[in-house]
4 protein chains.
Amino acid sequence: MEFNDKQAIYLQIVENIYDRILTDEWKGDERVPSVRDLAVELQVNPNTVMRAYDLLQNKEIIVNKRGVGNFLGSDAKSKIITNRRNHFLTHELPLLFRNMQLLGVSIEELSEQFISYSQNNISIQ
Amino acid sequence: MEFNDKQAIYLQIVENIYDRILTDEWKGDERVPSVRDLAVELQVNPNTVMRAYDLLQNKEIIVNKRGVGNFLGSDAKSKIITNRRNHFLTHELPLLFRNMQLLGVSIEELSEQFISYSQNNISIQ
Amino acid sequence: MEFNDKQAIYLQIVENIYDRILTDEWKGDERVPSVRDLAVELQVNPNTVMRAYDLLQNKEIIVNKRGVGNFLGSDAKSKIITNRRNHFLTHELPLLFRNMQLLGVSIEELSEQFISYSQNNISIQ
Amino acid sequence: MEFNDKQAIYLQIVENIYDRILTDEWKGDERVPSVRDLAVELQVNPNTVMRAYDLLQNKEIIVNKRGVGNFLGSDAKSKIITNRRNHFLTHELPLLFRNMQLLGVSIEELSEQFISYSQNNISIQ
DNA sequence: GTGGTCTAGACCACC
DNA sequence: GTGGTCTAGACCACA
């Protein structure tokens with residue numbers, strides 16, 4: 001995984017995990033990879049993964065069973081969707097619209113782009 | 001001006017200046033406020049404004065005339081628009097679309113929102 | 001290190017770092033000294049070193065790994081050489097030649113000087 | 001005249017005046033332009049020209065006759081040549097040679113460049 | 001008046 | 001440990 005410099009790595013990992021859950025790569029109430037395994041996969045310091053897991057535990061997206069490992073919370077996926085959707089509608093959309101106006105991008109232009117995007121990405125991976 | 005603490009103040013100042021230029025609050029090739037004046041206006045240390053101006057000088061958005069002050073570069077506005085538009089189309093849109101799909105927001109829904117947004121914000125300020 | 005006061009210290013540090021890279025004192029894609037360490041070595045304030053590193057990061061001579069340190073960019077040396085060589089050929093040489101003519105220094109005279117210089121400085125350090 | 005940002009304008013004016021004297025644009029012990037006239041010609045603040053003239057007066061390159069104007073010192077040209085030549089030989093040449101070695105520019109290469117330069121600039125203007 | 005540089009010292013997030 | 005940010009305050013050159 002490639003990391004961006006503008007955001008803390010552990011936050012980027014959190015986002016990445018959200019994506020994995022939303023795309024059902026991690027699903028149900030299965031066990032998630034151990035801190036060490038994920039650290040190896042992502043090529044980062046285990047402390048950094050730990051921090052991401054910490055944050056997810058606080059939000060009850062994952063739950064820890066001592067000595068066994070971390071597991072997806074039962075309603076993890078729906079919780080993420082609800083949160084993100086709210087954030088999307090109340091924070092991101094106004095910003096998006098303002099940008100569109102400042103940059104002169106019309107809603108029609110955007111729709112077209114969306115359609116062509118959708119055709120190239122029928123299923124989300 | 002209120003500052004968020006997820007991003008460095010000087011970067012927020014830069015963004016704020018971009019906005020001022022895009023909305024023609026600062027325009028043409030006029031002189032921009034002196035470091036000290038802007039620092040007073042924004043209630044920050046002059047060094048912090050200086051750092052923002054430094055970055056803008058690097059991007060040739062503003063140019064310095066020794067002992068006189070800083071001036072908007074001739075094509076400052078178009079330069080900002082071009083950069084932002086490119087970034088918007090190549091980076092933000094794909095992310096947006098992906099999010100819409102993951103969160104189940106349709107393009108029609110978004111269009112409606114946009115229309116109601118536009119009606120409440122007829123002119124950009 | 002002794003600093004001249006006709007040029008900002010941080011710029012002299014940048015030049016000094018270029019020299020260290022060109023002479024392979026810093027090489028490969030190794031880690032460069034931490035801001036604090038170099039500040040101690042050069043007897044300046046860490047902020048001053050920081051500013052030099054900032055500039056070098058902008059030019060992608062060094063790259064930062066969060067929480068770890070700064071590293072030489074992979075092609076740092078060749079990048080410096082290319083830039084300097086271009087500047088030398090297009091800017092410095094014409095000035096040099098003009099000066100030689102104005103001051104009545106012949107190319108033969110210069111060659112002689114160069115040869116005697118070379119004999120006294122067989123290896124660059 | 002175009003000014004570089006790396007050096008104070010008044011110093012660039014001094015250099016420019018040296019050039020005018022060396023190329024005999026200003027010669028003998030004639031009167032040199034008034035501060036105001038030169039300021040208009042160079043499009044700078046008269047104070048800035050004043051500062052350049054001050055420096056030249058200190059070096060006795062020009063002399064002031066109260067109420068009349070500034071005149072070239074009798075041996076202005078030879079004084080400049082001597083100074084520059086010394087500086088050139090003791091300071092610039094070693095730097096040049098070091099650069100040539102670091103950048104891999106040979107003396108033969110430089111000679112060729114010089115010859116082609118000379119052919120295109122038979123008389124100095 | 002203008003910007004630019006430097007210091008000292010603090011605090012923070014990150015790995 | 002690492003870099004990054006910010007402040008306060010000083011001094012300077014320049015126009």
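Every chain is numbered from 1, with letters handed out A, B, ... down the list of sequences.
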How long is the line joining CE of C/Met1 and C1' of E/dC6, in whole Å? 15 Å
Base, sugar-phosphate or nothing for C/Gln57? Non-hydrogen atoms, less than 4.0 Å. sugar-phosphate
Kindly say if C/Arg51 contacts the phosphate of E/dT5, meaning a side-chain N or O under 4.0 Å from OP1 or OP2. yes
Closer than 4.0 angstrom, basic N to acidic O: yes or no for A/Arg20 and A/Glu30? no
What is the distance from CG of B/Asp37 to C1' of E/dG1, rounded to the nearest Å? 10 Å
Take atom CG of A/Asp54 and atom C1' of E/dC15, then tell me their distance rounded to the nearest Å. 14 Å
OP1 or OP2 of E/dT2 versus the side-chain N and O atoms of B/Asn64: is any pair under 4.0 Å? no
What is the distance, to the nearest angstrom, from the CD1 atom on D/Ile9 to the P atom on E/dG3? 15 Å
Calculate the interatomic distance between B/Gln7 atom CD and F/dT5 atom C1'; express it in whole Å. 13 Å
Has C/Arg66 got a side-chain N or O lying under 4.0 Å from the OP1 or OP2 atom of E/dC15? yes
Residue-phosphate contact under 4.0 Å: C/Thr48 side-chain N/O, E/dT7 OP1/OP2: yes
Lys/Arg N to Asp/Glu carboxylate O, D/Glu92 vs D/Arg85, below 4.0 Å: no
Please confirm whether the shortest side-chain N or O distance from A/Tyr10 to OP1 or OP2 of E/dC15 is below 4.0 Å. no
When you measure from the side chain of A/Gln12 to the backbone of A/Gln7, do you find a donor-acceptor pair of N or O atoms at a distance under 3.5 Å? yes
Might you work through the side chain to side chain donor-acceptor pair (under 3.5 Å) test for D/Arg31 and D/Asn70, ending with a clear yes or no? CA-CA 6 Å; D/Arg31 190 166 161 252; D/Asn70 286 294; over 6 Å; no
Of C/Tyr53 and B/Arg36, the one whose nearest nucleotide on DNA chain F sits closer to the 5' end is C/Tyr53
Return the nearest nucleotide to the side chain of B/Ala8; candidates are E/dT7, E/dT5, F/dC6. F/dC6
Check the distance between E/dT7's C1' and C/Met50's CE and give it to me in whole angstrom. 15 Å
I want to check something: taking the side chain as every heavy atom from C-beta on, are B/His91 and B/Asn86 in contact at a cut-off of under 4.5 Å? no
Go nucleotide by nucleotide along DNA chain F from the 5' end; which of B/Asn47 and C/Val35 gets its closest nucleotide reached first? C/Val35
Re E/dC14: Watson-Crick or G-U wobble partner, both distances kept under 3.5 Å, found to be F/dG1
Find the distance A/Asn45:CG to E/dA13:P and express it as a whole number of Å. 18 Å
Nearest-angstrom distance from the residue atom CG of C/Asn70 to P of F/dG1: 17 Å
